[in-house]
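Taking it in order: structure first as structure tokens, then the write-up.
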Amino acid sequence: TLGFSYSVAGLLFPYQAGVTHKLRELNILLPSTPLNGASGGALAAACAASFPVTTTDKAMASSLRISTRCTTEGALWNLENILRDELQTMCTKDMVNAINTRSGSVEFAWTNVDLSPKLKPRLSGKPFNSSEDLINILATSCHIPFYSSFSPVTIAMQQQKGEEIIREWGMDGFLSSPSTLGCQQVNDNNNGGKEGCIKTVFCTPFALDDAILKRYPAILRSDDDDNSSQGLIIAPLLEEIPFSAKEYVSLALGYPAGPDKDQHQILFELGMKCTTRWADNYF
């Protein structure tokens, strides 16, 4: 059994949308498939988990709206507001219900910040009690300290206790597991939520060469071949990325401009291509 973990991606989200679309076309991504994601990957996981409420076209249109606003209004210190505005549109009751009622698990990585000096990795999953709960977790998973807004943190959770509002604060899901670009083992609802019962496939828009892979933990290695990682990674080859490293990072951050419509399509098709190659090699 396979589960999928979407890495940080920022505004390279269309790549992750292409991965999701091809996995669904190949009948690999099912309602029972466990999912998780961090940062932009959390948005990808949420869209994948809420299908058919969130279709590929709807997800891509949402991504383009965010990218356009980042280009026209600026992403630096404004990305939080832009993202929360879009999530207010996307995270309807129907979307929350679709996530809550799917048979497979779905979790979003974020980093808890409290009075202790240590950052605490967190995974939050269904059920979500409201659209606001889902929006807060997704926005927190995407919150780049001092970039998304002037603040290092944002509201991850809040609940009313009597007259008091209890809040938990957090930041980007990347910081929950930097060595894996935010990716974590997926949990299996059908086995009591335990890890290790399924293989986690790592999905990222970033090219991973052998030197980088040597620093990655066992969850990114193939169980069948200790010398190969490709069985559990969907990622582009460096030569497949039609942008320079500087351009790619700039597109991911939406600074000075996010991907335009044509670049969205290029990224989407790249995600489809990488997923097709992975499936051909894996199965």
**Request:** Measure from the side-chain N and O atoms of T54 to the backbone N and O of F51, and report whether any donor-acceptor pair falls under 3.5 Å.
**Result:** no

**Request:** Report yes or no: does H143 contribute a side-chain atom to a donor-acceptor pair with the main-chain N or O of S151 at less than 3.5 Å?
**Result:**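 Pair found, side chain donor or acceptor close to backbone of S151.
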
**Asked** Would a hydrophobic clustering, with Ile, Leu, Val, Met, Phe, Trp and Tyr connected at side-chain separations under 4.5 Å, put L251 with L270?
**Response** yes

**Asked** Are Y147 and V8 linked, directly or through other ILVMFWY residues, by side chains that come within less than 4.5 angstrom of each other?
**Response** no

**Asked** Are the charged groups of E240 and R277 less than 4.0 angstrom apart, N to O?
**Response** yes

**Item:** Sidechain N-carboxylate O distance under 4.0 Å for R122, E168
**Value:**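 Yes, charged N to carboxylate O under 4.0 Å.
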
**Sequence-distant partners of T101, side-chain contact (heavy atoms from CB on, under 4.5 Å), two or more places apart** = N97

**Asked** Between T154 and R84, does any side-chain donor sit less than 3.5 Å from a side-chain acceptor?
**Response** yes

**Asked** So, H264 and S67: side-chain donor and acceptor under 3.5 Å apart, yes or no?
**Response**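 On atom types as modelled, these side chains do not qualify, holding no pair under 3.5 Å.
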
**Item:** side chain to side chain contact (heavy atoms under 4.5 Å, CB included), paired with F243, selected from V249, L12, L267
**Value:**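 Going through V249, L12, L267 one by one, the side chain to side chain contact (heavy atoms under 4.5 Å, CB included) with F243 is satisfied by L267 alone.
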
**Residue that, paired with W77, satisfies ring-ring contact (aromatic ring centres under 6.0 Å, His included) out of F150, Y255, F146** = F150

**Item:** Minimum heavy-atom distance between F283 and L2, given as atom pair plus value
**Value:**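 F283 and L2 have their closest heavy atoms at CZ-CD1, 3.8 Å.
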
**Request:** Would you indicate whether the side-chain heavy atoms of C274 and P205 approach each other to under 4.5 Å?
**Result:** no

**Asked** V19 versus F4: any side-chain heavy-atom pair under 4.5 Å?
**Response** no

**Asked** Linking Ile, Leu, Val, Met, Phe, Trp and Tyr by side-chain heavy atoms under 4.5 Å, what else ends up with M272?
**Response**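 So far as hydrophobic clustering goes, M272 is joined with M60, F268.
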
**Item:** Steps toward side chain to side chain contact (heavy atoms under 4.5 Å, CB included) verdict (T140, F108)
**Value:** CA-CA 10 Å; T140 301; F108 309 114; over 6 Å; no

